[in-house]
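So you know, we letter chains A, B, ... as the sequences are listed, proteins then strands, and number each from 1.
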Amino acid sequence: MNALGLGYDWTKEINTTDPNYYKWTQWMFLLIYNSWFDKDLNKARHINELPIPAEITDAMEIENYKDSHRLAFISMIPVNWCAELGTVLANEEVDEWKSKGYTVERKPMRQWMLKITEYADRLLTDLDLVEWPTSTKDMQFHWIGKSVGAEINFDVKNFDKSVKVFTTRPDTVFGATYLVLAPEHEFVSQIASDDKKAEIVEYLKKASEKSDLERTELSKEKTGVFIGAYAINPATGLEIPIWIADYVLAQYGTGAIMAVPGHDERDFEFAKEFNLPIVQVVKPADGKAWNIEESAFVEKSGFGMNSANSEVSLNDEPTPKAIEKIINWLKEKNIGEAKVQFKLRDWLFSRQRYWGEPIPIMYFEDGTKRSLDLDELPLLLPEVENFNPAGTGESALATVESWVNFTDKKTGKKARLETNTMPQWAGSCWYYMRYADYANNEIFCDFEKQKYWLGNGGVDLYVGGAEHAVLHLLYARFWHKVLYDFGYVSTVEPFQKLFHQGLILGEDGEKMSKSRGNVVNPDEVVGEYGADSLRLYEMFLGPLEAVKPWSTKNITGTFNFLNRAWRLIATEDGKLSEKVQDIELTPEQDYVLNYTIKKVGEDIENLSFNTAIAQMMIFVNEFTKAEVKPRSAMEKFVLCLSPFAPHIAEELWQILGHHKSVSLEEYPIFDEAKVVKQSIEFIVQVSSKIRAKLQLAVDLEENQVKELALQNESVIKHIDGKEIRKVIFVKNKLINFIV
RNA sequence: GCAGAAGUGGCGGAAUUGGCAGACGCGCUGGACUCAAAAUCCAGUGGGCUCAACACCCGUGCGGGUUCGACUCCCGCCUUCUGUACCA
């Protein structure tokens, strides 16, 4: 990187695995842990400010109540457990190990979660504040996935229970002909009939062995099992069967749905597969008949039908009105209410691996616990011989007796440390702020420094790959907002302007990889053509955001350009060329110079480096033609070139007689008056076809141009005595005679 | 399937309040310099037609449309890339 002349200040290097750095990652985790989300104020507050209900008086119960409100909490949630490996696998690792013959199952295990869902609304609305690519904003928008609907309770026949479902179409409740629970739903084992239990266990086993990916790959064929229980449709009063099926996800909504096969594609497919009744309760707005046995009617623009009981009728109501009406009825009867649901799930934060920041919480023998104080951080990882997981689902840390079990100095009590560690994402959630105050040991970043460097809406320009569009960029926004709520940062959002650079592919148009053998080694290119040629070529390839192939052959273009630029100013042996003299510029040279300064400056602002370089090539071509080169133009050109090709520019600058580094110079200023052309090539069209080009002075009026144009031979020929019906005139551009 | 982006010479790409399509570079062709070559410099280079020039015609993935005028705007398709995965 040094050879390429990239301007990194290595004294400010940071490292998320450095204890002095992860001290603050742990501190931030504890800030989150010691918070609850005040829905009224729509922000995080300290856990000690949480109002405790009067009926809770027992100290232990108060702690439990607090724990259930913390933004970091423990939950039993399904993870990819591989018993043979004794460890939990990431989604993308599952297939790899399964193909090696290992068994991976979805098993609920104790995990630390962060309540990012509390920030769902803010993460959504604050997207308006940032200058990000629309595609990335869209991705986050869909990922957060806000849907507005209702929750409805369906009583279970013969049980004192009711299944809560979430639906965006409560108006179709009259058409709900069965319920479907996620296989993992807690009611399944409780309400299933005995004769179905064997079948259910079998189905559950199969479902648990499927990864999320497999569940969806099998999407075309719906599977499920009737569990021998019935629910009562609260709208119709009818008994409807309860099924389990893995197309219903435990993690979303309530983990249960009311199935309306007449008005939902998935429910329709399922009903067809298992011969369940389909009832039409919405009709198309155009009044045409709809064959509900053929396909589901899913438009939200219809009118209700077959939807009435003794208390409420949705018949002939347009869908939006019907939704409103049924929600009011559900509320009145206390069987449901309006509900906003997000696709966004809480963040599974813990890892059962050695390499990660230890979660700084200790548990005492009496069942109480405490988080570490700032003066006890960082909580270091112990030195170990064996990094393998404990095999119990815990990390290697659980096997380090001396680390895990100890006597707490502050309380004198025997304690056991949490053995979970944090994910890679944690340290990258806030590193962008550490650069502003990289060595501070009192706080993660001094507020004033943070405000100075990042106060203008966050990081001014954040360049990174599109693969981070939803995970890193969402997690970091979440942490930043928590820090904002406690006044540690001055902006609501961490990254003001975001740019995704495109990948440079190998010469074969494929991703560069060792296995494909298409990797280009920059060191070799630098050796042959120099660092400036490489830098310039990478920028000249095409737009920064585009994915584009490398071509070693084409680097001669930028290499030649730099050689030509050199010869403009210097001799082969590095002396100032005798042709560089203090002379006036010709009007044409003056224009090219000023336009180059303007264009390159603007293109840098827009990150359009390829066109900036093209303009500098035009400059060099123009001045190569000249017998004598004006010194002032050469100096300004070197200043333009300097950010792109710093090494050559530096040498040329010194050859031109300067002693101060060119990198300390200001970018040159152009003369606005000189970038306006004195004369322009004017287009003359006859019936929209170009028939002549005239070299004219600028700002001529229509009459003047018309007169000149009509004297042109080619124009006369094409008008051919015909009547001119219309004349279109665009100032300084064209005149068009319609005949 | 859904969402987003893209499709322009032999190649990378340029051109957006709709107004010269192909800037700039690579490659290729010819010339100058040289004993020769490399390097360098100069000229040419979308296709068709033409001995050639002029002129003319065609041309921005495909098919329509709006407009005096469309790479650009609208409708419908095709292809490629990226992301995502039954979210009730």
Side-chain angles (χ1 to χ4, degrees), chain A residues 133-139 141-143 145-147 149 165-170 172 176 180 182 212-213 215-220 222 245-249 251-260 263-267 269-270 341-345 465-467 469-470 500 502-503 505 509 536-537 540-543 545-561 563-564 567 572 608 610-618 620-621 624-625 680-690 692-693 714 717 725-730 732-739:
Chain A
T134 317
S135 58
T136 308
K137 283 191 184 186
D138 280 353
M139 254 190 253
F141 185 86
H142 290 130
W143 190 267
K146 184 177 185 172
S147 7
V165 305
F166 174 71
T167 176
T168 55
R169 294 296 302 276
T172 61
V180 187
D212 282 349
L213 209 70
R215 278 196 185 189
T216 58
E217 268 173 5
L218 297 171
S219 65
K220 298 299 160 244
K222 293 271 185 291
D246 61 10
Y247 83 93
V248 173
L249 306 176
Q251 310 93 312
Y252 183 74
T254 60
I257 62 158
M258 64 172 202
V260 185
H263 305 284
D264 182 282
E265 298 281 2
R266 297 151 303 185
D267 298 345
E269 276 176 44
F270 192 80
Q341 187 66 50
F342 293 94
K343 265 200 264 187
L344 184 68
R345 296 174 198 169
E467 69 274 16
V470 281
H500 298 307
L503 218 55
L505 306 173
L536 227 50
Y537 179 59
F540 188 61
L541 264 178
E545 68 273 20
V547 177
K548 46 212 178 286
W550 174 269
S551 165
T552 300
K553 188 178 76 179
N554 284 356
I555 199 172
T556 54
T558 51
F559 178 69
N560 285 342
F561 160 69
N563 281 326
R564 282 160 64 85
R567 284 194 295 269
E572 287 296 326
S608 302
N610 53 331
T611 50
I613 292 165
Q615 183 57 39
M616 287 191 283
M617 288 172 167
I618 291 170
V620 169
N621 290 344
T624 295
K625 282 192 293 196
I680 40 157
E681 201 171 20
F682 212 91
I683 307 303
V684 184
Q685 298 180 330
V686 178
S687 290
S688 303
K689 299 220 166 184
I690 297 157
K693 295 175 186 179
S714 173
K717 191 177 126 197
R725 293 189 9 228
K726 194 173 171 187
V727 177
I728 289 143
F729 177 78
V730 182
N732 291 333
K733 280 240 169 83
L734 66 78
I735 188 161
N736 187 1
F737 300 100
I738 311 300
V739 299

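Annotation: of the two residues near RNA chain B, A:Arg564 and A:Thr254, the 5′-most nearest-nucleotide partner is A:Arg564. Of the two residues contacting RNA chain B, namely A:Met139 and A:Gly557, the nearest-nucleotide position lying further toward the 5' end is that of A:Gly557.
For A:Met617, taking side-chain heavy atoms from C-beta onward, the closest of the listed nucleotides B:rC24, B:rA14, B:rA88 is B:rC24.
Residue-level contact check: A:Leu734 touches the bases, meaning some heavy atom is under 4.0 Å from a base atom. Residue A:Ile618 is classed as a sugar-phosphate contact, given heavy-atom separations below 4.0 Å to backbone atoms only.
Regarding contacts with the backbone of B:rA88, a side-chain N or O of A:Tyr252 is found under 4.0 angstrom from either OP1 or OP2. Side-chain nitrogen and oxygen atoms of A:Asn621 include none within less than 4.0 Å of the OP1 or OP2 phosphate oxygen of B:rA23. OP1 or OP2 of B:rA88 has at least one side-chain nitrogen or oxygen of A:Ser147 nearer than 4.0 Å.
For B:rC20, its base never sits under 3.5 Å from the side chain of A:Lys733 at any donor and acceptor pair. The base of B:rG69 lies outside donor-acceptor range of the side chain of A:Gln685, with no N or O pair under 3.5 Å. With hydrogens and angles left out, the side chain of A:Lys553 and the base of B:rC26 share no donor-acceptor pair within 3.5 Å.
Partner assigned to B:rG9 is none, using Watson-Crick or G-U wobble distances below 3.5 angstrom.
B:rU72 and B:rG65: their C1' atoms are spaced 15 Å apart (whole Å). The same atom, P, is picked in B:rA52 and in B:rG13; the two are 34 Å apart, to the nearest Å.
A:Phe270 does not carry A:Lys222 over the face of its six-membered ring by the limits of under 6.0 Å from the centre and within 45° of the normal.
Taking the O4'-C1'-N9-C4 or O4'-C1'-N1-C2 dihedral as appropriate, B:rG9 has a value within 90° of 0 and is therefore syn.
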